Amino acid sequence: GNANFITLREVNQHIGKVMQLREFNLDADIVETPDFFWEDSARESLYQQLHRELEIDGRIGALNRKLMYAHESLQNINSVVVNKHSTRLESRILLFVAFEACLDAAH
């Protein structure tokens with residue numbers, strides 16, 4: 001049934017959302033020590049220690065991998081939806097040509 005049907009527009013909207021997240025590019029280089037912590041070496045040390053203990057770089061890497069997987073999955077779904085649409089369109093064209101051939105043969 002249509003319970004699991006997704007339109008090309010919906011797929012493209014999801015791809016756009018994932019692209020926006022990827023554009024944010026959660027890279028370890030972006031997650032720099034904020035200025036507030038640079039002003040005091042004790043705060044900077046605490047920030048860096050928390051950064052390591054919370055495994056921020058690993059978590060960012062995991063998030064980037066998940067975003068990449070989501071993007072690739074959505075691209076695959078997009079290909080299937082486009083292919084299905086193209087096949088349906090080609091079938092209609094063939095039916096139209098066959099119908100027209102039948103009309104020509106009848107005259």
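Nothing here was measured: the structure is a model prediction, and the numbers come from that model. Throughout, numbering of the chain's residues begins at 1 and tracks the sequence. Any value given below was found using the heavy atoms of this structure, including those in side chains, with hydrogens, waters and symmetry copies removed.
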J.: Not counting sequence neighbours, which residues clear side chain to side chain donor-acceptor pair (under 3.5 Å) with His71? List them please.
T.: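 Here the qualifying residues are Arg22.
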J.: CG/Leu54 to CD/Gln49 distance, rounded to the nearest 0.5 angstrom?
T.: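 If we round to the nearest 0.5 Å, Leu54:CG and Gln49:CD are 10.0 Å apart.
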J.: Looking only at non-hydrogen atoms, find the nearest pair between Leu74 and Val11 and report the distance.
T.: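 It is O-CG1, 3.6 Å.
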J.: Checking Gln48 now: which residues fulfil side chain to side chain donor-acceptor pair (under 3.5 Å) with it, not counting sequence neighbours?
T.: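 For Gln48 the side chain to side chain donor-acceptor pair (under 3.5 Å) partners, ignoring immediate neighbours, are Glu44.
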J.: Quick one: does Ser86's side chain have a donor or acceptor within less than 3.5 Å of a partner on Val82's backbone?
T.: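 Flag set: sc Ser86 to bb Val82 pair under 3.5 Å.
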J.: Assess whether atom CZ of Arg9 is packed by more than 12 heavy atoms of other residues, nucleotides or ligands within 6.0 Å.
T.: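 Counting other residues, nucleotides and ligands, CZ of Arg9 stays at 12 neighbours or fewer.
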J.: Quick check for you: to the nearest 0.5 Å, what is the distance between Gln75 atom CD and Asn12 atom CG?
T.: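 Interatomic distance, Gln75 CD to Asn12 CG, rounded to 0.5 Å: 10.5 Å.
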J.: Indicate, with yes or no, if Tyr47 and Phe36 share a hydrophobic cluster defined by side-chain heavy-atom contacts under 4.5 Å among Ile, Leu, Val, Met, Phe, Trp and Tyr.
T.: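 Shared cluster, yes.
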J.: Linking directly or through intermediates, with side-chain heavy atoms under 4.5 Å: list the remaining ILVMFWY members grouped with Leu50, chain and number order.
T.: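 Joined to Leu50, directly or through intermediates: Leu46.
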